[in-house]
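All heavy atoms count here, side chains included; hydrogens, waters and symmetry mates do not. The model shown is predicted, which means the values in this text are computed figures rather than measured ones.
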Amino acid sequence: MSLQQAISYKDPAGFVVKLNDGYYRYIAHSYASEFDQLNNSGLYNLLIEERLMVSHREIELNREFPDFYKKIFPQQIGLISYPYEWSFLQWQQMLLCYIRINEIALDHGMILKDASPYNFTFHHGNCVLIDTLSFSFYKDGDPWVAYRQFCEESLSPFLLMYYKDPLWSKLYRGSITGLSLPFVSAHLPFKTNFDLFCLMHIHLHSRFKNRNKGSDDKHNGFTAEKLKVLFSSIKKNINQKKEPMLKNSIWEDYYEKDIESESYITDKTEVITKWLTAAKPEITIDLGANTGKFSSIASSLSKVVYAVESDIYCVNDIYQANRKTENNNVTTIVADLVDPSPGLGWSNDEKSPLLQRLKGDMVMALALIHHLCLSRNLPISFIARLFSNMTSRFAIVEFVPKEDPKSKILLQHKGDIFEHYTENDFILSFEQHFRLKASHSFENSLRKLYLWEKI
């Protein structure tokens, strides 16, 4: 039985349905002209060529929804990441992708009718539009109907991340429709009132209270060429913001400055490579990816890698490094495992929880257990169950005992209140869900690697 997905309920042009073999999109007769223009004008082919949009193929309509114009099968993306799971550079890339699509669309008599960042996600390092029904016709003199939405839902979070702190992106978890312009205007630094870009798109714009009436959200009278000039100005200003003004990562230069020894890293790399080579995973989830060193190793031995890290600056660096890599297959995700992204929107189902989306056949948790248990007070049994839910086959887990120097730092202000944080408890907890395939001890280190296979 097919089930219409909550993610698409707002759009009268069509909706998404999940079937046994993936997600399909049904297109209403009311959107037939726009859909044909997208496909027949050359716009669709150009967007696919520039890797700005997911591809699709048409499928024969069935009896479930016979009164629709078309049924398409979009390119299936294993994990759709959401705006509050993106780093600063990912936000920047999304904005540039949005502007570039509009520039191309104008040459084909079309424009994006909305500006929600949820219409985009990241696939193999590229930001791509995933909403095929986002296009509408455009002719000279038409308003830019998505302007206010663009400023509130896409541009505002990016500017707060740039001027204040990248952690501002997490506010998106609090409101699925973004941040109001008066709120953003009040929280940007005072100096931005003297920046023409911020003044026009945020501060002056915020004085228009009614987003449904008036010219503030329409920019009436624009020809396509004038609108292109505006898009070019926005793109220039976004490109100028290379990195956030505040940078304070606890993991910066982690492996160069803050790890036990070079021999430890060399040995660890060899063992991880050996185990991944034997396991041949389709999807590797690297939890607590830190600098992305082991995500990079896994990328050559897996079809897809999800690098999950709570430090937004680390994710920024991983994303930047991987974008320079040919055939990049690493998707970066900002996430705290103790406080993962929840379900949002209608029935908490419009945007699904991260832990429902994050699935693979190999989980790696390297030098992570002691942070979860000793810093965040999680019982080992909770972690074993979480990893079991994430993976269909294997887990590589590094146990860092309380006697380890880094564990001692975590305990210095708490005292040893963790009676059940022992290697024996670790093994017993994981044996409830996995069978032990291999283990490896390091020379001159108390740490130990375990390879588990799911029962």
Side-chain angles (χ1 to χ4, degrees), residues 249-251 254-255 257-261 263-265 267-268 271-272 275 285-291 293-294 308-311 314 334-342 353-355 358 360 362-455:
S249 172
I250 63 171
W251 299 112
Y254 178 74
Y255 282 108
K257 297 179 180 178
D258 202 36
I259 204 65
E260 291 186 309
S261 67
S263 62
Y264 162 80
I265 289 298
D267 194 8
K268 186 173 176 177
V271 175
I272 298 298
W275 287 352
I285 304 172
D286 185 11
L287 300 173
N290 295 337
T291 63
K293 179 181 179 68
F294 290 96
V308 183
E309 171 57 50
S310 61
D311 188 309
C314 275
V334 178
D336 181 350
L337 289 179
V338 184
D339 182 25
S341 307
L354 175 63
L355 297 184
L358 193 60
M362 169 66 79
V363 163
M364 293 198 308
L366 309 176
L368 175 66
I369 290 286
H370 58 310
H371 290 287
L372 296 177
C373 293
L374 305 183
S375 291
R376 309 297 291 276
N377 291 34
L378 277 173
I380 295 178
S381 60
F382 282 28
I383 299 167
R385 184 168 63 246
L386 174 68
F387 291 178
S388 175
N389 290 336
M390 279 188 187
T391 182
S392 61
R393 294 175 62 211
F394 297 106
I396 298 175
V397 186
E398 183 174 14
F399 183 76
V400 181
K402 287 186 286 187
E403 296 75 19
D404 183 272
K406 297 298 180 286
S407 294
K408 289 181 178 180
I409 293 174
L410 299 177
L411 291 170
Q412 62 183 350
H413 297 302
K414 301 178 77 169
D416 186 0
I417 60 174
F418 304 98
E419 178 184 351
H420 297 292
Y421 183 77
T422 67
E423 188 171 2
N424 185 57
D425 285 306
F426 165 77
I427 293 171
L428 290 175
S429 294
F430 273 79
E431 282 180 340
Q432 299 300 309
H433 308 276
F434 301 89
R435 66 174 59 90
L436 184 61
K437 291 282 291 182
S439 62
H440 179 83
S441 300
F442 296 104
E443 186 176 353
N444 299 322
S445 174
L446 298 173
R447 302 183 178 196
K448 195 170 182 178
L449 283 173
Y450 286 84
L451 172 62
W452 298 100
E453 184 175 20
K454 191 170 179 179
I455 298 173

(message) Nearest 0.5 Å, please: how far is CG in Asp336 from CG in Leu372?
(response) 8.5 Å
(request) Determine the minimum heavy-atom distance between Phe387 and Ile369, stating which atoms define it. (result) CE1-CD1, 4.3 Å
(request) Working to the nearest 0.5 Å, report the span between OG of Ser381 and CZ of Phe426. (result) 12.5 Å
(message) Nearest 0.5 angstrom please: His371 NE2 to Ser310 OG, how far?
(response) 9.0 Å
(request) Check Ala289 against Glu309 and note the closest heavy-atom contact, atom names and distance. (result) N-OE1, 3.3 Å
(request) Locate the shortest heavy-atom distance separating Glu419 from Asp425; write the atom from each residue and the value. (result) O-OD2, 4.3 Å
(request) Check step by step if side-chain contact (heavy atoms from CB on, under 4.5 Å) holds for Met362 and Trp275. (result) CA-CA 11 Å; Met362 169 66 79; Trp275 287 352; 5.9 Å; no
Can you list, pair by pair, the side-chain donor-acceptor contacts under 3.5 Å of residues 433-440, counting residues two or more places apart and other chains?
from	atom 1	to	atom 2	distance (Å)
His440	NE2	Asp267	OD1	3.2
His440	NE2	Asp267	OD2	2.9

(request) Please check if the side chain of Ser388 supplies one atom and the backbone of Ala384 the other of a donor-acceptor pair under 3.5 Å. (result) no
(request) Could you tell me whether the side chain of Phe418 reaches within less than 4.5 Å of the side chain of His370, counting heavy atoms only? (result) no
(request) First locate atom OH of Tyr421, then atom CZ of Phe399, and finally report the distance between them rounded to the nearest 0.5 Å. (result) 4.0 Å
(request) Check whether any side-chain heavy atom of Leu337 sits under 4.5 Å from a side-chain heavy atom of Leu287, and report yes or no. (result) yes
(request) Mind checking the CG-CG spacing from Asp286 to Leu366? Nearest 0.5 Å is all I need. (result) 6.0 Å
(request) Heavy atoms only: give me the nearest Phe394-Glu453 pair and the separation to one decimal. (result) CE2-CG, 3.7 Å
(message) Less than 4.5 Å apart, side chain to side chain, heavy atoms only: is that true for Ile380 and His420?
(response) no
(message) Less than 4.5 Å apart, side chain to side chain, heavy atoms only: is that true for Cys373 and Ile383?
(response) yes
(request) To the nearest 0.5 Å, tell me how far Lys402 NZ sits from Lys408 NZ. (result) 12.0 Å
(message) If you compare all heavy atoms of Lys268 against all heavy atoms of Ala367, which two are closest, and at what distance to 0.1 Å?
(response) NZ-CB, 4.2 Å
(message) Could you report the tightest heavy-atom contact between Met390 and Ile285, atom names first, then the distance?
(response) O-CD1, 4.2 Å
